[in-house]
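I have placed the structure first, in the form of structure tokens, so that the comments after it can refer back to it.
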Amino acid sequence: MNKVELLDRWTKEKSEDLYGIKSWGGRYFSISDQGEVMINPYKESESAVSLMEITNGVKDRGIDMPVLLRFENVLDAQIAYLNDSFNSAIQTLGYKGSYQGVYPIKVNQQQQVVHEVAKFGQRYHHGLEVGSKPELIAALSEMKDKESCLICNGYKDEEFIDIGMYAIKMGFKCFFVIEIPGELDLILERAKALNVTPNIGIRIKLSSKAGGHWTESGGDRSIFGLNMSQTIEIVDILKKRGMLDTLKLMHYHLGSQVPNIRDIRTAVREAARVYAELIKEGAPMGYLDLGGGLAVDYDGSNTNYTNSSNYSVEEYCSDVVEAVMSVMDDGEIEHPVIITESGRALVAYYSVLLFNVLDVATFEEHEVPETLGQELAEPIHSLHEVNKNITTRNLQECYNDALYYRDNIRDMFNHGHISLRDKALAEKIFWNTIYQIVQKKRKLKFVPSELVDLENVIADIYYCNFSVFQSIPDCWAIDQLFPVMPIHRLLELPSRNSVIADITCDCDGKINKFIDRSDVKNTLPLHPLLEKKDYYLGIFLVGAYQETLGDLHNLFGDTNVVSIRLNKDGSHDIINEIHGDSVDDVLGYVEYDTNEMRTNYRKTAEDAVKKGLITAKERREIMSSYENGLRGYTYYER
Ligand SMILES: *Cc1c(COP(=O)(O)O)cnc(C)c1O
């Protein structure tokens, strides 16, 4: 090791800082003294487990990358965290009601998640929220606790309503939330027919609106919920039928990932006021359901930026409780049970996507000859001149000139005045020029705006074994940022500036925006690949929304999934593994009949035998490779 490297030794602290893991990692992720990412749902430090150790174990068992790791205890820890935070705010502020959260199934519908929430949530009476008939049917198969709430949102047909009515008969605290005025008649009709006293809730539209991606879910123009005149109409209908005593819950949903606590407070106050008025109208009420919105700080910036949140879970809880309490106290109204439908915040930390890097395209430093042959076209000489005269003082000028001559050369080539060989030389000179400009610009205090983004032009491309569309669809669809980082080698300098490409060969199948505490980064520093050594990256906080929104772009299917239980002594158990889609699975989804495909291909091969293109023995090998392909994993297999 030479002196400079010794002086400038890379450390775990530098990695922590560079990748921001302490800011976005919640209470779960950290870096070990060995330079590996650790996960730990417990407070004791000896419980931490290295993701690299887990990866090696998974690999040894023959489970291929990409793998989605789900950590059961992280989910438990988040449920406990949210409930403990609410309970402690309730205690501190002297609130007389209680908190009873519900988990909205749509955020991650996987059976395991719903099972775990229902099971672990029981001690807090943390229930479930459903927005459709299939979700209700799923919820009822997992729910055991009759104290927990079961909230039915979404449009409800007769079948949906009947299933909910029977649940009430069996003692479940099931609420029908009215989203459109027309629903009430059917609910009352079915209640009468089945002889059940329903629990009715209404979803209201607030005038408050929140910042963030999902602003349209809240506010007057929201497509869901009842406006104030419709709300009064519902009250009047219930009064007329002598059923106002069934109106027990009021609900609103401001939208998901609300990054600003001010928006949350404003909405809670407005909702609490409507709730108080419903009590004055004579409804018994008792439950105030504040919907979702509790944000996750994906970029660790702790700001009101879309991918962040400018408040902690504790702050959220105490602000909510305080706002509800002050409105109720003003109206001398009994403190209601507070419900939130926090989904994202409960499950985001729970899964990590792991994958290996397949290859890297580096930006080579192109060698440029000292002098050029006289026969070359004029603009190539001019470009060469620019290349030889770059200084920190004329970067912008050199950049402009280089682009100008490059375009000239391109035109001349298109008109047949320059040969392919000469154009290739010109390209080398051009890229060397850009490379030098980027190197020199790093020394500048003030970088001209046009040159700022040049860094990504010369970034390495790391080709990675996963699909953006399948595993992090929100990254593509709404430009959401997720933390991405290597899970090992974190004591080494990550010397390459990189962008990430997936294997879908779609030009959108890439990650070129990365989290940063003060900005968005266009490149991610990564380590150079080592000969014959695997390099693993993780995408973190992917537990919310990503799994079910994923699609089959280029027919890359579901990834392998491994569920892990972390033990207090630092060991871990693989408690479940689900093999991802095979090629014949995904072809089946798009309506191929794989038996017919085999038959067709066998005919093609048999024809080739007849024509003497292949031997009968080769036909057997060809068919067996086709068969292996059909049965294989859709991702890159080693
Ligand atoms: C999506 C949704 C939620 C979940 O929101 P998060 O921000 O993920 O907590 C809650 N309630 C309703 C009605 C929703 O549609």
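If you read the sequence from its start, that first residue is 1, and numbering goes on from there.
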Results of side chain to side chain donor-acceptor pair (under 3.5 Å) for Asp508 - residues two or more places apart only:
Trp476
Can you see whether Tyr298 engages Thr306 through a side-chain donor-acceptor pair at a distance of less than 3.5 angstrom?
no
Which pairs count as side chain to side chain donor-acceptor pair (under 3.5 Å) when at least one residue sits in residues 45-56, sequence neighbours excluded?
Glu36-Ser50
Tell me, please, which residues at least two apart from Thr392 pass side-chain contact (heavy atoms from CB on, under 4.5 Å).
Lys440, Leu444
Heavy-atom check, side chain of Asn87 versus side chain of Gln91, under 4.5 Å
no
Can you name the side chain to side chain donor-acceptor pair (under 3.5 Å) partners of Ser582, sequence neighbours left out?
Asp584, Asp585
Measuring only between side-chain heavy atoms, which start at C-beta, is His126 closer than 4.5 Å to Tyr99?
yes
So, Arg442 and Glu455, do they make that salt bridge, N to O below 4.0 Å?
yes
Between the side chains of Asn307 and Gln480, is a donor N or O closer than 3.5 angstrom to an acceptor N or O?
no
Is the number of heavy atoms from other residues, nucleotides or ligands within 6.0 Å of NZ (Lys521) greater than 12?
yes
Indicate yes or no for a side-chain donor-acceptor contact from Asn576 to the backbone of Ser563 under 3.5 Å, with no hydrogens or angles considered.
no
Return yes if some donor-acceptor pair links the side-chain N/O of Lys14 with the main-chain N/O of Arg9 below 3.5 Å, else return no.
yes
Give, for atom CZ of Phe430 and atom NE2 of His366, the distance between the pair rounded to the nearest 0.5 Å.
10.5 Å
Are Leu358 and Arg638 close enough, and set up right, to give a side-chain contact (heavy atoms from CB on, under 4.5 Å), and what steps lead you there?
CA-CA 10 Å; Leu358 296 171; Arg638 294 229 193 245; 4.1 Å; yes
Answer yes or no: does atom CD of Glu367 have more than 12 heavy-atom neighbours from other residues, nucleotides or ligands under 6.0 Å?
no
Would you call Phe86 and Val321 a side-chain contact if the rule is heavy atoms closer than 4.5 Å?
yes
Rounded distance [0.5 Å steps], OH in Tyr42 versus CG in Asn567
6.0 Å
With sequence neighbours left out, which residue pairs that include part of residues 298-321 fulfil the salt bridge (charged side-chain N to carboxylate O under 4.0 Å, His left out) condition?
Arg265-Asp319
For the residue pair Val313 and Gln78, establish whether any side-chain heavy-atom pair is separated by less than 4.5 Å.
no
I need the full list of side chain to side chain donor-acceptor pair (under 3.5 Å) pairs touching residues 58-70, with sequence neighbours left out, sorted by first then second residue.
Lys59-Tyr536, Arg70-Gln112, Arg70-Glu547
With rounding to the nearest 0.5 angstrom, report the CG to OH distance, Asn302 to Tyr311.
11.0 Å
Could you grab the distance from atom CD1 of Ile105 to atom CG of Leu128, nearest 0.5 Å is fine?
5.0 Å
Shortest non-hydrogen separation from Val296 to Ala348 and the atoms involved:
CG2-CB, 3.9 Å
Can a donor-acceptor pair be found, under 3.5 Å and without considering hydrogens, that links the side chain of Asp76 to the backbone of Ala80?
no
Sequence neighbours excluded - side chain to side chain donor-acceptor pair (under 3.5 Å) pairs with any residue from residues 463-472
Asn356-Asn465
Would you check if Tyr19 and Leu524 make a side-chain contact, meaning some heavy-atom pair closer than 4.5 Å?
yes
Can you name the residues that form a side chain to side chain donor-acceptor pair (under 3.5 Å) with Asp84, not counting sequence neighbours?
Tyr124
Please give me the minimum heavy-atom distance between Gly121 and Ile79, naming the atom from each residue.
CA-CG2, 4.2 Å
For Arg393, is the CZ atom crowded, meaning more than 12 foreign heavy atoms sit under 6.0 Å from it?
no
Have Asn560 and Tyr635 got a donor and an acceptor in their side chains that come within less than 3.5 Å?
no
Val347 to Val113 - nearest heavy-atom pair and separation
CG1-CG1, 4.0 Å
Using modelled atom types and a 3.5 Å cut-off, is there a donor and acceptor pairing between side-chain atoms of Ser15 and backbone atoms of Leu490?
yes
Whether Glu116 side chain and Val114 backbone form a donor-acceptor pair below 3.5 Å:
no
What pairs with Tyr305 under side chain to side chain donor-acceptor pair (under 3.5 Å), at least two apart in sequence or on another chain?
none
Would you say the side chains of Asn432 and Asn387 form a donor-acceptor pair under 3.5 Å?
yes
Among Thr559, Ile500, Leu354, which one satisfies side-chain contact (heavy atoms from CB on, under 4.5 Å) with Phe466?
Ile500
Would you say that Ile39 contacts His572 through its side chain, given a criterion of any heavy-atom pair below 4.5 Å between the two side chains?
no
Validation row: Val499, Lys510 side chains within 4.5 angstrom (heavy atoms)
no
Of the non-hydrogen atoms in Gly509 and Val468, which two are nearest, and what is the gap between them?
C-CG2, 4.0 Å
Counting only heavy atoms not in Tyr81, do more than 12 sit closer than 6.0 Å to its OH atom?
yes
If you take all heavy atoms of Tyr103 and Ser342, which pair is closest and at what distance?
CD1-O, 4.3 Å
Does a donor on one side chain and an acceptor on the other come within less than 3.5 Å for Asn310 and Ser308?
no
Look up atom NE2 in His488 and atom CE in Met52, then write down how far apart they are to the nearest 0.5 Å.
4.5 Å
Phe540: which of Phe482, Tyr349, Phe29 passes ring pair (Phe, Tyr, Trp, His ring centres under 6.0 Å):
Phe29
Can you pull the salt bridge (charged side-chain N to carboxylate O under 4.0 Å, His left out) pairs that have at least one residue in residues 550-578, sequence neighbours excluded?
Glu72-Arg565
Any side-chain donor paired with an acceptor under 3.5 Å for Asn522 and Asp453?
yes
What is the minimum heavy-atom distance between Gly543 and Asn108, and which atoms define it?
O-ND2, 3.0 Å
Are Asp581 and Tyr589 close enough that a side-chain donor and a side-chain acceptor fall under 3.5 Å?
yes
Measure the spacing between OG1 of Thr634 and CG of Leu555 and express it to the nearest 0.5 Å.
8.5 Å
Kindly indicate whether the side chain of Ile472, heavy atoms from C-beta on, has any atom under 4.5 Å from the side chain of Ile511.
yes
Any residue meeting side-chain contact (heavy atoms from CB on, under 4.5 Å) with Arg123, in chain and number order, not counting sequence neighbours:
Phe120
Is there a donor-acceptor pair under 3.5 Å between the side chain of Thr340 and the backbone N or O of Gly101?
no
Tell me, please, which residues at least two apart from Phe514 pass ring-ring contact (aromatic ring centres under 6.0 Å, His included).
none
May I ask you to check whether over 12 heavy atoms, not counting those of Arg262, lie within 6.0 Å of atom CZ?
no
Please answer whether the main-chain N or O of Arg489 pairs with a side-chain N or O of His527 as donor and acceptor at a distance below 3.5 Å.
yes
